Amino acid sequence: MLLQTQAPLTRPLTTAHLATTMSLMSLTALELREHIEAQLASNPALELVEVQRCPSCGRPIAERGPCAVCSRPPVGMPDEPIVFISPREDFYNPSGHLHAEELPSDETAAETEELPTYVLRQIAPDLAPDDRRLAAHILTSLDEDGLLTEALTEIARFHHVPLSRVEAVLRLIQRADPVGVGSPSPEEALLVQLEVLAETRPVPALADQAIRQGMEQLSKRHFAELAKLLGISTARAKEIARFISDNLNPYPARTHWGNIHQGTEAAQDVYHFPDIIISQLNDAPDSTLVVEVISPLAGRLRINSLFRQSLQMAPADKSEQWHNDLEQASLLIKCLQQRNHTIVRLIQRVTAIQRSFILHGDAHLEPLTRASLADELEVHESTISRAVSGKAVQLPNGRIVPLKKLFDRSLHIRTELCQIIAQEKRPLTDTEIAALLKKKGYKVARRTVAKYRSMEGILPAHLRQSLQNAVQVG
DNA sequence: CTATGGCACGGATT
DNA sequence: AATCCGTGCCATAG
């Protein structure tokens, strides 16, 4: 890097600024792929060689030799996860799935959003092969808010299937993440979200009525009118409105509208593909964890040996640039290796520590700070920060969560809090909850309980009681 | 008077 | 250095 600064910038290095390990570290696999592809296209010194495959299982591997899974003795120490780098082309071809299914209207699929693929991937397992056409049709007809503008009857007619089938498919889609996608209207999106929410936590009674009948008043914030409409006090109406705006999102595709909470799991930053996939070795519940770090490329990057050989023979006017290219290329490769190395070590350690969380859910999350990990791995804290930020990991249960979540200091307390409230006989005040938590070993101030509560989208005690009985949305 | 939410401060984390 | 997080204090609503 020091050398680079004084090197003449014969070529302005385009958007790709210097490939330092630092800048690479913070990139998502997806982003990194773009970066590398740009380099590949512009730098003749770089070469992509075919991916190696494990001789015994055919699993793609980045390095030579048997894959990490096969080389593993059948019964290993379950606490030590197997970590390896895996090129997964399928993850980087967002429109691939959809194209493969032969879209009814091809033109929209390509660039617009990754959203259609993201949703399709979630529901694909539950879908009869024939219904995938329908799903693809619906998903590609979404507007930028994630709502469906086309009439269901039209879709049914187009595919010559009964309306009920389209409805069934749509229902699956709506309940996928982001919850409510594909709804024909904001109202319906809200209702679906409310319904999903109601499965895991109490929601205000009449919230569904408010949405169904009082959408107009809700959006205009005319709480008094809304209250009159529903026959409740203005205060209660305000609370309902607040609950709705805090927890629901009329435009499922707009992420910035705030987090949508579902159950104990806040579905935030939902749009990405995983950078890391964690699964269990076979299906054995207590088996070793297998961690795939997604490689940004389907092959292995190296210096083109022909290019290196012909370097001496470079024409005088090109010589400087060629050297430059070579240097650039080897730097990139070096940095890439460094990045991989760090990420592998990082995730190896993290999965070991959070094993129980990965297998058994939120309640088992071990509080973990980036700093302590940095200390353990003997790298700078900021390295960990960069490595963690923006990345996502797919857990054995299929959920894709931000890697950040494994470093959440309060998640386990929050889930405990949720449980307490779920089991409470009578609405407990924050102070009482704080006491209960303390009894369980979590020392938190009453004020903090309030914070966690609102973080989880749970209403205060005096508002909980009233809706205890009338929970479910009809 | 009690339960909560807002603001803001300090210490930890990134 | 910037940001996040837990908390205490205070105003307000019930």
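Everything quoted here is computed from the prediction, not taken from an experiment. Naming convention: chains lettered A, B, ... in sequence-line order (proteins, then strands); numbering from 1 in each chain.
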Think A/Arg370 has a side-chain N or O under 4.0 angstrom from the OP1 or OP2 of B/dT14?
yes
Just call it for A/Ser382: base, sugar-phosphate, or nothing, with non-hydrogen atoms closer than 4.0 Å on any strand.
nothing
Under 4.0 Å between any heavy atoms, over every strand shown, what does A/Ser410 touch: base, sugar-phosphate, or nothing? Just pick one.
sugar-phosphate
Salt-bridge test for A/Arg426 and A/Glu432: reply yes if a basic N is under 4.0 Å from a carboxylate O, no otherwise.
yes
Closer than 4.0 Å, any side-chain N/O of A/Tyr452 to the OP1 or OP2 of C/dC5?
no
Along DNA chain B (nearest heavy atom to each residue), the more 5'-positioned of A/Arg447 and A/Thr431
A/Thr431
Between A/Glu195 and A/Arg171, is there a side-chain N and carboxylate O pair less than 4.0 Å apart?
yes
Is A/Arg446 side chain donor-acceptor paired with the B/dG5 base, going by distance under 3.5 Å alone?
yes
What does A/Arg386 touch in the nucleic acid at a heavy-atom separation under 4.0 angstrom: a base, only the sugar-phosphate, or nothing?
nothing
Could you tell me whether A/Val388 contacts a base, only the sugar-phosphate backbone, or nothing, with contacts defined as non-hydrogen atoms closer than 4.0 Å?
nothing
One thing to verify: whether A/Arg212 and A/Glu187 come together as a salt bridge, which I'm taking to mean a side-chain N less than 4.0 angstrom from a carboxylate O.
no
NZ/NE/NH1/NH2 to OD/OE distance under 4.0 Å, A/Arg414 and A/Asp408:
yes
Do any side-chain nitrogens or oxygens of A/Arg409 fall under 4.0 Å of OP1 or OP2 in C/dC4?
no
Please confirm whether the shortest side-chain N or O distance from A/Thr448 to OP1 or OP2 of C/dT7 is below 4.0 Å.
yes
